[in-house]
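These numbers come from a predicted model, not from an experiment.
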Amino acid sequence: KKKIKLFQLYLEIYLTILIFLFFPTLIVLQFFTPKLFNLWTLGKIVFDDKLFLILNFSVLIYSISFPLRIILQSKNLIFFNLKISILYIIIVITFIWIANLKSEIFLIGMGILFSEFINFFIIINKSKKILSKDKMQINFKIFYICFINLSFISYICFFFIKDKIDVFET
């Protein structure tokens, strides 16, 4: 019982750091990354701000579900992890195929984001089942709060991209 409370505390600290440190950093990065990317690539590669944002959100969704992924891996659910990996690959390859037909690299990023959404909800549901079977009660509301916070921040970032706000522009 004490270990479960300690684990819940660590989990809440981790997700709170995500919400209050990493998510706002994403908004700040949206302003500075285009210029830094142009400096880094010497202007030879065009920066796609939408693709950058989509890939950032994919990483952040993965980071929200990361503690639960560790729990599931510790349970040695090899067949379940294999099924999730195959589903992820099928979704991404499908989006790669569509992107190839439409000549839009942005669609590949959308495929990665979509597969992370699907994996997030599958992992949450599987974790609930596994942990309830082990009589471990974890408050899953914080995962949903974190996900809603990320959705709100994504709306803000897309608003910035839509208006092409550039802090370096004179």
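Contact detail for S115 and I91: the closest heavy-atom pair is CB-CG2, 3.7 Å. G109 and L51 make their closest contact through CA-CD1, 3.8 Å (heavy atoms, listed as atom of the first residue, atom of the second, distance). Nearest approach of I64 to F120, heavy atoms of both residues: CG2-CE1, 3.4 Å.
Tracing side-chain contacts under 4.5 Å through hydrophobic residues (I, L, V, M, F, W, Y), one never reaches L42 starting from I45; they form parts of separate clusters. L60 and F20 end up in the same hydrophobic cluster when Ile, Leu, Val, Met, Phe, Trp and Tyr side chains are linked at under 4.5 Å.
The environment of CG in L87 is crowded: more than 12 heavy-atom neighbours from other residues, nucleotides or ligands sit within 6.0 Å. Atom CZ of F106 is surrounded by more than 12 heavy atoms from other residues, nucleotides or ligands within 6.0 Å. Within a 6.0 Å radius of CZ in F22, no more than 12 heavy atoms belonging to other residues, nucleotides or ligands are found.
Side-chain atoms of I84 and K126, non-hydrogen and from C-beta on, never get closer than 4.5 Å to each other. Side-chain atoms of I148 and F152, non-hydrogen and from C-beta on, never get closer than 4.5 Å to each other. The side-chain heavy atoms of I54 and I112, taken from C-beta on, include no pair separated by under 4.5 Å. Y10 has its side chain out of reach of Y14: every pair of non-hydrogen atoms, C-beta onward, lies at least 4.5 Å apart. Between E116 and F57 the shortest side-chain heavy-atom distance does not fall below 4.5 Å. For the pair F95 and L113, the minimum side-chain heavy-atom distance is 4.5 Å or more.
With rounding to the nearest 0.5 Å, the separation of CD1 in I78 from CD in Q73 is 10.5 Å. Rounding to the nearest 0.5 Å places CG of L68 at 10.0 Å from NZ of K128. In this structure, CG on L72 lies 6.5 Å from CD1 on I123, to the nearest 0.5 angstrom. Rounded to the nearest 0.5 Å, atoms CG (N119) and CZ (F114) are 10.5 Å apart. Rounding to the nearest 0.5 Å places CG of N100 at 12.5 Å from CD1 of I93. Note: S63 OG to N56 CG = 10.5 Å, rounded to the nearest 0.5 Å.
F121 and Y144 have parallel rings, their planes meeting at less than 30° on a 0 to 90° scale where 60° marks the start of perpendicular.
In summary, of the residues considered (F47, F52, F32), a side-chain contact (heavy atoms from CB on, under 4.5 Å) with F37 occurs for F47 alone.
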